[in-house]
Amino acid sequence: MTVWRTSDLMSAIPRITIAEAGRHAGETVELAGWLYNLRKSGKIIFPQVRDGSGIMQCVCVKAQVDEALFETLKNLTQESSLLIRGSIRAEPRAPGGYELDVTGAEVVQRVPEERPYPITPKEHGTEFLFDHRHLHLRSRRQHAILRVRHEVIKAIRDYFDSNGFTLVDCPIFTPAACEGTTTLFEVDYFEDEKVFLTQSGQLYNEATAMAFGKTYCFGPTFRAEKSKTRRHLTEFWMVEPEMAYATLDDVKRVSEELICFLVSRVLENRQAELTVLERDIAKLEAVKAPFPRISYDEAVETLRKKGSEIEWGGDFGGTDETLLSEDYDRPVMVDRFPSQIKAFYFEPDPERPELALGVDVIASEGYGEIVGGGQRIYSLELLEQRLREHNLPAEAFEWYLDLRRFGGVPHAGFGMGVERAVAWLCGLDHIRETIAFPRMLYRTRP
RNA sequence: UCCUCAGUAGCUCAAUGGUAGAGCAUUCGGCUGUUAACCGAAGGGUUGUAGGUUCGAGUCCUACCUGAGGAGCCA
């Protein structure tokens, strides 16, 4: 086995990534990667090499190369790391359309056969795969999903950055519940102090929006709910924009525009990944503004006709969301929920004060709520009253009340769960694949 | 927290209460266009744990552990 120094890994042959191989047809190049799979047929072998940008099928014919090289490659083990050199050639028989005729290779680390790479090319169960998540990420499907996630995150930032929003991130340690609606993770914070992991940056966003006009925060959030479903993680990423001098209608317009932008960017830049995932592209192409807008009242009526047992005043269950979404080929917006099922800070509907000026965006194809938001209370007196009604400690919210004492204005915002959006865009049946290392009720490793 | 289902070779799964099996992976052999390559051979087991029923338990019973799906809660 060769011991490598950085200088050993350099050679005179230009190193390229597999993604750019098409531009180097006819040239001799070097790839730096890992052995993804190896097919042998006597005196001809087909090593498939991946480098993170793609997978390249290589060809090595015994009669045409040095015998030691042929034997080295022929006996190489799955996921061994290697540098491989050769000339690129267009080849319709190869997956990817190009092939590399091997002229040389250097093994960087050979996976020993006594302890072979655990994830074989056959099927595995979820427990095994997520126990080996650090290796699972190398597989084609997981690679495709995380590249879509990257595209989504980049598109989110591009959208807000080019529409006048300033990124102002919010703290992860928070002194109290933001909304008082969910269970939080408690953390020891030096002497005797308890803090919680944030469930939302929203209250802080309201402060930053009063300073910058339009802001967003984008980071991990935490829910200690013991939810055990395909739609839940205990740690997930959420983007939360907040706008001063804005209303419920602005929330609908911006969230609709954002979702359409995400869909178009993924269709534009991640077509290959969607193909790997066997995503029905037509379903994404149908996602165009305007999204249907219905009221909570209408939604309850529709659900009851469809056989749901929901009562007016109750919140939607997972099956209710699926029932609602099946009538549309694009996300549907449901607004004006009963205040009693919403957080304390929602502005009441002036025409029907028992309703909150909030909206949920429910993704198509049964993927559930991906956006929730609305208009915030800006009257100091009403906010104080709501805090009392929800038994929230006033002193912890003094700074929040200040936002109504010193130039309070109508303002609005929303939150979008990144993993749910990615699961929908990729057409996945479980949210756990949308994040590199999922944290769930019964999984904190690796 | 509740309901349902599952735990057998490294992995995915078989096995009427009666000798523990296959495919993949690994090793050896064969094959010049493979597409989860294929063909032949070999090695590989405390059947999740602890009890119980039985002449005999992977299989039946009890408890526990672990996981999956769903409910509630939520994005």
Side-chain angles (χ1 to χ4, degrees), chain A residues 36-48 55 57-65 70 74-75 77-79 91-96 99 101 111-132 135-136 139-141 178-179 181-184 199-202 220-240 255 309 314-322 341-343 360-363 367-373 414-424 429-432 434 440-443:
Chain A
Y36 185 75
N37 197 2
L38 176 64
R39 298 196 184 89
K40 302 181 229 187
S41 182
K43 298 185 177 63
I44 181 169
I45 56 174
F46 300 90
Q48 292 192 325
I55 296 173
Q57 174 162 293
C58 306
V59 195
C60 189
V61 176
K62 189 174 186 180
Q64 293 167 12
V65 298
F70 186 82
K74 189 181 157 193
N75 296 312
T77 43
Q78 192 189 357
E79 286 298 323
E91 171 56 71
R93 285 175 292 185
E99 206 164 66
D101 291 309
V111 175
E113 40 275 285
E114 307 85 67
R115 194 173 173 187
Y117 188 69
I119 303 178
T120 66
K122 287 273 182 173
E123 73 273 16
H124 301 279
T126 32
E127 185 187 4
F128 179 81
L129 288 173
F130 281 86
D131 282 344
H132 295 85
L135 304 175
H136 187 209
S139 67
R140 200 190 298 250
R141 177 182 165 83
C178 286
E179 307 186 0
T181 52
T182 56
T183 317
L184 305 183
Q199 60 168 312
S200 164
Q202 192 223 304
T221 50
F222 308 86
R223 305 279 165 98
E225 300 289 341
K226 294 200 166 179
S227 297
K228 188 169 161 34
T229 81
R230 64 184 69 195
R231 300 186 306 278
H232 290 86
L233 298 170
T234 53
E235 175 182 325
F236 64 96
W237 284 64
M238 189 156 67
V239 60
E240 296 175 278
S255 58
E309 295 186 354
D315 213 343
F316 303 142
T319 34
D320 291 325
E321 291 179 347
T322 304
I341 57 168
K342 287 287 168 185
D360 283 356
V361 181
I362 297 169
Y367 278 92
E369 182 185 344
I370 51 170
V371 162
F414 65 90
M416 185 181 76
V418 169
E419 287 78 12
R420 282 194 184 173
V422 173
W424 168 55
D429 62 7
H430 203 298
I431 198 173
R432 66 186 155 215
T434 63
M440 296 181 292
L441 182 51
Y442 297 119
R443 177 166 300 278

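If you're wondering where the values come from, they're calculated on a predicted model, not measured in any experiment. First the proteins, then the strands, lettered A, B, ... as listed; each starts at 1.
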For residues A/Ser200 and A/Met238, determine if any side-chain heavy atom of one lies less than 4.5 Å from a side-chain heavy atom of the other. yes

Review point. Do A/Leu135 and A/Pro118 have side chains that get closer than 4.5 Å, going by heavy atoms?
Key: yes

### Task
Give me the ring orientation class for A/His124 and A/Phe128: parallel if the planes are under 30° apart, tilted from 30 to 60°, perpendicular past 60°.
parallel

Protein-nucleotides 42-46 of chain B N/O pairs under 3.5 Å:
none

Under 6.0 Å from the six-membered ring centre of A/Phe130 and within 45° of its axis: does the NZ or CZ of A/Arg432 meet both? yes

| Whole-Å C1' distance, B/G52 and B/C5 | 24 Å

When rounded to whole Å, the CD1 to P distance for the pair A/Ile55 and B/A36 reads 12 Å

Item to complete: Walk me through it: do A/Tyr117 and A/Thr77 pass the test side chain to side chain contact (heavy atoms under 4.5 Å, CB included)?
Response: CA-CA 8 Å; A/Tyr117 188 69; A/Thr77 43; over 6 Å; no

A/Asn75 meets the side-chain hydrogen bond (donor to acceptor under 3.5 Å, both in side chains) criterion, sequence neighbours left out, with none

With the side chain defined as heavy atoms from C-beta on, A/Pro116 is closest, among B/C73, B/A25, B/G33, to B/A25

What distance, rounded to whole Å, do you find between the two C1' atoms, one in B/G44 and one in B/A22? 14 Å

Hits for side-chain hydrogen bond (donor to acceptor under 3.5 Å, both in side chains) against A/Arg140, two or more places apart or cross-chain, chain-then-number order -> none

- Task: Would you mind classifying the nucleic acid contact of A/His124 as base, sugar-phosphate or nothing, using non-hydrogen atoms under 4.0 angstrom?
- Result: sugar-phosphate

Margin query: Go through it in stages, so that I can follow the logic: the residues are A/Val59 and A/Gln64, the test is side chain to side chain contact (heavy atoms under 4.5 Å, CB included), and I'd like the CA-CA distance, side-chain angles, deciding distance and then a yes or no.
Written below: CA-CA 11 Å; A/Val59 195; A/Gln64 293 167 12; over 6 Å; no

The nucleotide from B/U26, B/A36, B/U32 with an atom nearest the side chain of A/Val61 is B/U32

Distance between C1' atoms of B/A25 and B/A57 (Å, rounded): 31 Å

Between CD of A/Gln199 and C1' of B/C73 the distance, given in whole Å, is 12 Å

Under 4.0 Å, counting only non-hydrogen atoms across every strand here, what does A/Gly415 touch: a base, just sugar-phosphate, or nothing? nothing

In whole angstroms, the gap separating P of B/C11 from NE2 of A/His132 amounts to 8 Å

Rounded to whole Å, CG of A/Leu38 lies from P of B/U34 at a distance of 15 Å

Picking from B/G33, B/U1, B/A36, the nucleotide nearest the side-chain atoms of A/Phe46 would be B/G33

Give each protein N/O atom lying under 3.5 Å from an N/O atom of nucleotides 28-30 of chain B, with the pair distance.
none

Practice prompt. Answer with base, sugar-phosphate or nothing: what part of the nucleic acid does A/Ala63 contact at a heavy-atom distance below 4.0 Å?
Written response: base

Checking N1-N3 plus N6-O4 or O6-N4 for Watson-Crick, or N1-O2 and O6-N3 for wobble, each under 3.5 Å, the partner of B/U47 is none

- request: Take atom P in B/U49 and the same atom in B/C55, then report the distance between them in whole Å.
  value: 25 Å

- Query: Any donor-acceptor pair under 3.5 Å between the side chain of A/Gln57 and the base of B/U34?
  - Reply: yes

Of B/G33, B/C73, B/G10, the nucleotide closest to the side chain of A/Arg93 is B/G33

Exercise. Considering only atom P, compute the distance from B/C73 to B/U46 and round it to an integer number of Å.
Key: 46 Å

Testing B/U1, B/C74, B/A36 for proximity to the side chain of A/Asn37, the answer is B/A36

Checking B/C73, B/G33, B/U12 against the side chain of A/Phe128 (C-beta onward), the nearest is B/U12

- Task: State whether the distance check finds a donor on one side and an acceptor on the other, under 3.5 Å, for side chain A/Glu114 versus base B/G10.
- Result: no

Judged by nearest nucleotide, the residue sitting upstream toward the 5' end of RNA chain B, A/Ser41 or A/Glu113, is A/Glu113

Winner on side-chain proximity to A/Glu91, out of B/U12, B/G33, B/U26, is B/G33

* **Touch class at under 4.0 angstrom, heavy-atom based, for A/Gly42 against every strand present** => base

A/Leu129 CG to B/C24 P, in whole Å, measures 19 Å

By the Watson-Crick or G-U definition, both distances under 3.5 Å, B/G40 is matched with B/C28

(message) Could you tell me how far B/A6 sits from B/U62 if I compare only their P atoms? Round to whole Å.
(response) 14 Å

**OP:** Compare all side-chain heavy atoms of A/Glu309 with those of A/Thr319 and state whether any distance is below 4.5 angstrom.
**Re:** no

Taking for A/Thr319 and for A/Leu441 the nucleotide of RNA chain B with the nearest heavy atom, the one nearer the 5' end belongs to A/Leu441

Rounded to whole Å, the OH-P distance (A/Tyr117 to B/G10) equals 19 Å

Rounded P spacing from B/U8 to B/G58 in Å: 14 Å

**Request:** Could you tell me whether A/Gln64 contacts a base, only the sugar-phosphate backbone, or nothing, with contacts defined as non-hydrogen atoms closer than 4.0 Å?
**Result:** nothing

- [ ] Scan A/Pro118 against the nucleic acid and name what it touches under 4.0 Å (heavy atoms): base, sugar-phosphate only, or nothing.
- [x] nothing

Across all chains, not counting sequence neighbours, the ring pair (Phe, Tyr, Trp, His ring centres under 6.0 Å) partners of A/Phe414 are none

Hey, what are the protein-to-nucleotides 64-68 of chain B N/O distances that come in under 3.5 Å?
unit_1, atom_1, unit_2, atom_2, d
B/G67, OP1, A/Tyr442, O, 3.4

When rounded to whole Å, the CD1 to P distance for the pair A/Ile45 and B/U32 reads 13 Å

Practice item. Quick one: label A/Leu233 by what it contacts on the DNA or RNA (base, sugar-phosphate, nothing), any heavy atom closer than 4.0 Å. Key: base

Practice task
Could you work out the separation of B/C11 and B/G72 based on their P atoms and round it to a whole Å?
Solution key: 35 Å

Rounded to whole Å, CD of A/Glu321 lies from C1' of B/C73 at a distance of 12 Å

Regarding A/Arg231, tell me which of base, sugar-phosphate or nothing describes its non-hydrogen contacts under 4.0 Å with the strands shown. base

Any side-chain heavy atom of A/Glu79 sitting closer than 4.5 Å to one from A/Tyr36?
yes

Checking B/G72, B/A25, B/C31 against the side chain of A/Lys43 (C-beta onward), the nearest is B/C31

Heavy-atom nearest pair, A/Ala423 first then A/Ile431, reads CB-CA, 4.5 Å

Report task. Could you please spell out the steps behind the side chain to side chain contact (heavy atoms under 4.5 Å, CB included) verdict for A/Arg231 and A/Glu369? Result -> CA-CA 10 Å; A/Arg231 300 186 306 278; A/Glu369 182 185 344; over 6 Å; no

The Watson-Crick or G-U wobble partner of B/G18, with both key distances under 3.5 Å, is B/C55

Open item on the list: Between the base of B/C11 and the side chain of A/Thr120, is one N or O donor paired with an acceptor at under 3.5 angstrom?
Closed with: no

Exercise for review: Answer yes or no: is there an ion pair linking A/Asp131 with A/Arg443, defined by an N-O contact shorter than 4.0 Å?
Suggested key: yes

